[in-house]
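Every value quoted in this text rests on a predicted model; they were computed, and no experiment measured them. Quick note on labels: first sequence line is chain A, next is B, and so on, each numbered from 1.
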There are 2 protein chains.
Amino acid sequence: MPAKVDHEARRRDVAAAVWRVLASTGFAGLGLRAVAAELGATTGLITHYFPSKRELVRHALDQLHERSDQALGGEPDGTGVAALRAQLRTVLPTTEEKVVLSRIWVGFWDLALVDPELSAHEAERYARWKRRLRPHVEHAIAAGELRAVDVDVVLDLVTAATHGLVVQALLDPGRFPVGRQHAAVDLLLAGLAGPETRSTPRAPGGRVGDDPARTILEETP
Amino acid sequence: MPAKVDHEARRRDVAAAVWRVLASTGFAGLGLRAVAAELGATTGLITHYFPSKRELVRHALDQLHERSDQALGGEPDGTGVAALRAQLRTVLPTTEEKVVLSRIWVGFWDLALVDPELSAHEAERYARWKRRLRPHVEHAIAAGELRAVDVDVVLDLVTAATHGLVVQALLDPGRFPVGRQHAAVDLLLAGLAGPETRSTPRAPGGRVGDDPARTILEETP
DNA sequence: CAGCGTACACAACGGTTGTTATGTACGCTG
DNA sequence: CAGCGTACATAACAACCGTTGTGTACGCTG
């Protein structure tokens with residue numbers, strides 16, 4: 001069987017074109033011709049690799065989730081609160097790529113909310129995320145870095161807060177720079193810290209330059 | 001110019017039908033015929049009251065967030081943290097109506113994210129919400145109920161956390177009952193409280209009269 | 001009662017949608 | 001080199017979209 005092109009690689013190209021269309025027009029503007037145009041091809045190409053639009057979108061979103069997990073990927077340096085903070089920070093839309101991923105994923109909620117199957121899938125993603133965060137929270141509590149409250153409630157709160165920040169940052173990127181997002185996360189974690197630890201533990205993540213306060217606000221309307 | 005029917009009331013009926021369609025099928029399934037069917041009428045009725053679909057949706061969403069403001073409406077009993085907690089709780093999708101309102105509003109992000117005008121509108125809604133929350137936060141800080149950190153950061157955090165909870169609750173209603181949502185809000189507010197005041201809203205005495213804000217974000221001055 | 005404007009239903013319009021059928025250039029195999 | 005299957009382009013398809021025009025029942029005004 002002669003394969004002039006790599007079938008799976010081509011499917012990935014098409015999926016990438018779907019992402020680009022979604023990022024610029026949302027699900028409302030997603031159509032086969034738009035994807036084809038973005039790809040510099042025609043709908044014939046798309047239908048050659050995908051039997052239906054539903055399958056197209058499904059594959060594109062699967063790829064997107066995979067890509068997201070990979071972008072949020074590896075275990076962070078540090079343990080306990082430091083690791084938790086690092087993990088939460090990677091979710092924030094602080095790079096152009098993560099802006100695109102988050103944008104698509106937020107827009108996807110319009111579909112997920114009215115489709116039980118998609119809702120369940122999204123709920124499972126939340127569960128997986130919390131499962132990954134949990135050991136760091138438990139470690140932090142054991143080390144006295146975090147107040148010893150219900151771990152599940154902590155996970156509910158930190159994931160909710162982080163995603164809430166994502167939404168606000170996407171809706172108003174100009175007024176929600178990285179520093180402001182980080183400040184909110186830091187305040188959240190500081191609040192969860194044990195009463196005895198007044199001085200926040202040093203974040204050993206050498207990569208992230210800490211600029212906690214001053215770049216946050218500009219106000220001259 | 002005899003008015004057999006109340007023109008404005010009829011427009012409200014149509015808007016209500018739009019909400020019902022949006023709640024059950026999302027923006028992806030919103031069409032004039034679907035709205036007309038929901039209304040038990042034809043597209044002729046709709047076009048008689050609205051010049052275009054865009055105007056229809058605009059009016060329906062205007063009505064919707066007017067209705068939301070009213071549902072989230074009056075000043076809560078209490079002041080300071082108690083008022084803040086009450087305000088945040090009213091946003092959570094704890095009633096059938098608020099589930100519908102939140103669902104539409106979350107689905108709307110798919111459109112807002114790719115339309116600068118709509119994004120600005122949503123950003124303004126966030127600003128108004130924070131403006132309403134702000135006095136309670138300031139009062140709570142003045143009363144020593146809340147740690148004296150940057151009020152803007154506090155507002156960013158509490159709104160983000162609350163909306164994050166809304167999303168999770170909508171995506172997995174069965175596993176996210178009211179109590180679990182309240183627990184997360186309570187944990188958030190407890191964390192923002194002064195270190196020595198967990199349950200009793202007592203003033204923190206003269207311990208940190210010098211610089212309480214520095215205890216949170218800054219570890220090295 | 002005549003006449004007119006309102007409040008719709010109904011049907012048709014051009015455009016766009018996802019899907020499908022047909023055509024064709026081309027590298028591989030025999 | 002003949003032949004065949006792959007990788008598309010092209011175009012047609014019915015279904016649907018928002019919009020518009022026309023038809024009509026009916027209450028109000030004169």
Side-chain angles (χ1 to χ4, degrees), chain A residues 1-22 24-62 104 107-108 110-111 114-115 117-118, chain B residues 1-22 24-62 104 107-108 110-111 114-115 117-118:
Chain A
M1 49 191 309
K4 193 176 69 174
V5 301
D6 184 343
H7 206 81
E8 208 51 43
R10 213 86 184 85
R11 283 168 61 98
R12 230 172 299 138
D13 293 343
V14 179
V18 174
W19 299 347
R20 268 173 271 140
V21 172
L22 285 177
S24 63
T25 70
F27 281 86
L30 180 65
L32 292 190
R33 339 245 174 192
V35 173
E38 178 65 42
L39 203 59
T42 67
T43 65
L45 188 151
I46 299 176
T47 60
H48 183 66
Y49 290 99
F50 296 95
S52 72
K53 182 187 181 183
R54 178 148 194 97
E55 277 303 305
L56 204 219
V57 176
R58 213 186 59 81
H59 181 262
L61 290 178
D62 282 355
I104 295 175
F108 176 62
D110 180 49
L111 305 180
V114 296
D115 186 320
E117 185 184 347
L118 297 179
Chain B
M1 51 302 178
K4 192 176 67 175
V5 302
D6 183 342
H7 206 80
E8 208 52 43
R10 214 85 183 86
R11 283 167 62 97
R12 231 172 297 137
D13 293 343
V14 179
V18 174
W19 299 347
R20 267 173 272 141
V21 173
L22 285 177
S24 64
T25 71
F27 281 86
L30 179 65
L32 292 190
R33 336 240 176 198
V35 174
E38 177 67 40
L39 203 58
T42 66
T43 64
L45 187 151
I46 299 176
T47 59
H48 182 67
Y49 290 100
F50 296 93
S52 71
K53 182 187 180 183
R54 179 149 194 96
E55 276 303 305
L56 205 218
V57 176
R58 213 184 61 80
H59 181 260
L61 291 177
D62 281 356
I104 295 174
F108 176 63
D110 180 49
L111 304 181
V114 296
D115 186 320
E117 186 185 346
L118 297 179

Using a 4.0 Å heavy-atom cut-off, does [X] contact any base of the nucleic acid, only the sugar-phosphate backbone, or nothing at all?
X: A/Ile46; answer: nothing
X: A/Thr47; answer: base
X: A/Gly44; answer: base
X: B/Arg33; answer: base

Nearest-Å distance for atom pair [atom1]/[atom2], residues [X] and [N]:
X: A/His7; N: D/dA7; atom1: NE2; atom2: P; answer: 7 Å
X: B/Glu55; N: D/dT19; atom1: CD; atom2: C1'; answer: 15 Å
X: B/Leu32; N: C/dC8; atom1: CG; atom2: P; answer: 16 Å
X: A/Arg11; N: D/dA7; atom1: CZ; atom2: P; answer: 13 Å
X: B/Asp13; N: C/dA7; atom1: CG; atom2: P; answer: 13 Å
X: B/Leu45; N: C/dT6; atom1: CG; atom2: C1'; answer: 12 Å
X: B/Lys53; N: D/dC17; atom1: NZ; atom2: C1'; answer: 8 Å
X: A/Leu56; N: C/dT20; atom1: CG; atom2: P; answer: 14 Å

Checklist entry - Should A/Arg54 be listed as having a side-chain N or O under 4.0 Å from OP1 or OP2 of C/dG18? => result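 No.
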
Next on the checklist: Using OP1 and OP2 only, check whether a side-chain N or O of B/His48 sits under 4.0 Å from C/dC8.
Outcome noted: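 Checking C/dC8 against B/His48, no side-chain N or O comes under 4.0 Å of OP1 or OP2.
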
Item to check | Basic-acidic side-chain contact under 4.0 Å: A/Asp6, A/Arg10 | outcome: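 Looking at A/Arg10 together with A/Asp6, the answer is no, because their closest N to O distance does not fall below 4.0 Å.
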
Checklist entry - Would you call B/Arg54 and B/Asp115 a salt bridge, taking side-chain N to carboxylate O under 4.0 Å as the test? => result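 Salt bridge present between B/Arg54 and B/Asp115.
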
Checklist entry - Within the distance-only criterion (no hydrogens, no angle test), does the side chain of B/Thr47 pair as donor or acceptor with the backbone N or O of B/Gly44 below 3.5 angstrom? => result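 The answer is yes, because a donor-acceptor pair under 3.5 Å joins these two groups.
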
Checklist entry - Would you find a donor on one side and an acceptor on the other, under 3.5 Å apart, between the side chain of B/Thr25 and the backbone of B/Leu22? => result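 No; zero donor-acceptor contacts below 3.5 Å.
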
Next on the checklist: Let's see if you can work this out: which of D/dC8, D/dT19, D/dA11 has an atom nearest to the side-chain heavy atoms of A/Tyr49?
Outcome noted: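 Taking heavy atoms from C-beta onward, the closest nucleotide is D/dC8.
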
Checklist entry - Atom CG in B/Asp110, atom CG in B/Leu118: separation rounded to 0.5 Å? => result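 Answer for the CG-CG pair, B/Asp110 versus B/Leu118, is 11.0 Å.
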
Checklist entry - Does D/dG30 have a Watson-Crick or wobble mate here (both distances under 3.5 Å), and if so which one? => result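 C/dC1 - that is the nucleotide pairing with D/dG30, both distances being under 3.5 Å.
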
